[in-house]
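One structure is given here, and the rest of the page talks about it.
Heavy atoms only: backbone and side chains are in, while hydrogens, waters and symmetry mates are out.
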Amino acid sequence: MNKIDVLVGKRIRARRHAMGISQTELGDAIGVKFQQIQKYETGANRVSASRLWAVAEKLGVDVVYFFEGIKRSDENAELSDEPIDKMEFLSDRDAIEMMELYRKLPNSQRSAVLAFMRSMVMESQQTNLSVANS
C-alpha cells in the first residue's frame with residue numbers, strides 16, 4: 001500500500017461524502033462493485049488512470065483534485081519519502097460541515113467568525129507553549 005494511493009482514496013471518499021453519493025452509486029457509474037470503491041478509498045487497491053478519470057467525472061472534479069496539496073514532507077526529500085496531505089481536513093465531516101455553514105453566512109459574519117477562529121487558535125497555541133515550558 002502506497003501513501004499516495006491512501007491519500008487519493010481519502011480524497012475520493014471525502015468528495016463522495018460531500019456530494020452525498022453512495023459507494024454503490026459511484027461503483028455503478030464507473031463500472032465496478034461497491035467493494036472495489038471501498039478498496040480504492042482505503043488505498044488497499046490502486047486506482048488506474050482511466051478509472052480515476054471516471055471517478056473525477058462522476059464526482060464533478062478535475063483529476064488534479066485528488067493530488068492537490070500533497071507535498072513531500074521535506075522539500076529536498078526523494079519521491080519515496082512520506083507525503084504530507086495539506087487537504088486532509090476534507091476527510092473530517094465536522095470540518096466539511098463547518099465550511100458549508102461558513103459559506104452560507106453573509107460576508108460581514110464570515111469576517112467575524114474567521115477572526116474568532118484565529119483568536120481561538122492563537123490562544124490555544126499560547127496555552128500549549130506555556131504548558132510545554134512549565
Completion exercise
Under a side-chain separation threshold of 4.5 Å, the hydrophobic residues clustered together with Val121 are none
Problem - Hydrophobic cluster (4.5 angstrom, side-chain heavy atoms) - remaining members for Phe116 - result: Met120
Fill in the blank from the handout: Here the gap from Arg15 atom CZ to Ile21 atom CD1, rounded to the nearest 0.5 Å, amounts to 8.0 Å
Handout entry: Same apolar cluster (I L V M F W Y, side chains within < 4.5 Å links), Tyr65/Val63
Key = yes
Exercise for the section: Identify whether the distance between the nearest side-chain nitrogen and carboxylate oxygen of Arg16 and Glu25 falls below 4.0 Å. Expected result: no
Handout entry: Nearest-0.5 Å distance that lies between atom CD in Gln126 and atom CE in Met122
Key = 5.5 Å
Practice task
Could you list the residues that satisfy side chain to side chain donor-acceptor pair (under 3.5 Å) with Gln38, not counting sequence neighbours?
Solution key: Gln23
Practice task
State plainly whether one hydrophobic cluster holds both Phe34 and Val55, where clusters connect Ile, Leu, Val, Met, Phe, Trp and Tyr through side-chain heavy atoms under 4.5 angstrom apart.
Solution key: no
Exercise for the section: With sequence neighbours left out, write down each residue that passes side-chain contact (heavy atoms from CB on, under 4.5 Å) with Ser48, or none if nothing qualifies. Expected result: Ser50, Arg51
Practice task
With sequence neighbours excluded, tell me which residues meet side-chain contact (heavy atoms from CB on, under 4.5 Å) with Val113.
Solution key: Tyr102, Leu105, Met117
Handout entry: Asp62, CG atom: more than 12 neighbouring heavy atoms under 6.0 Å
Key = no
Handout entry: Chi angles and distances behind the side-chain contact (heavy atoms from CB on, under 4.5 Å) call for Glu41, Ile37
Key = CA-CA 6 Å; Glu41 290 182 351; Ile37 299 298; 3.6 Å; yes
Practice task
To the nearest 0.5 angstrom, please state how far the CG atom of Asn107 sits from the CG atom of Leu114.
Solution key: 11.5 Å
Completion exercise
When rounded to the nearest 0.5 Å, the distance separating CD1 of Ile12 from CG of Leu52 is 5.5 Å
Problem - Inter-residue atom distance Leu26.CG - Tyr40.OH, 0.5 Å rounding - result: 9.5 Å
Fill in the blank from the handout: To the nearest 0.5 Å, atom CZ of Phe66 lies from atom CG of Leu7 at 13.0 Å
Handout entry: side-chain contact (heavy atoms from CB on, under 4.5 Å) against Lys39, all qualifying residues, sequence neighbours excluded
Key = Gln36, Ala44, Asn45
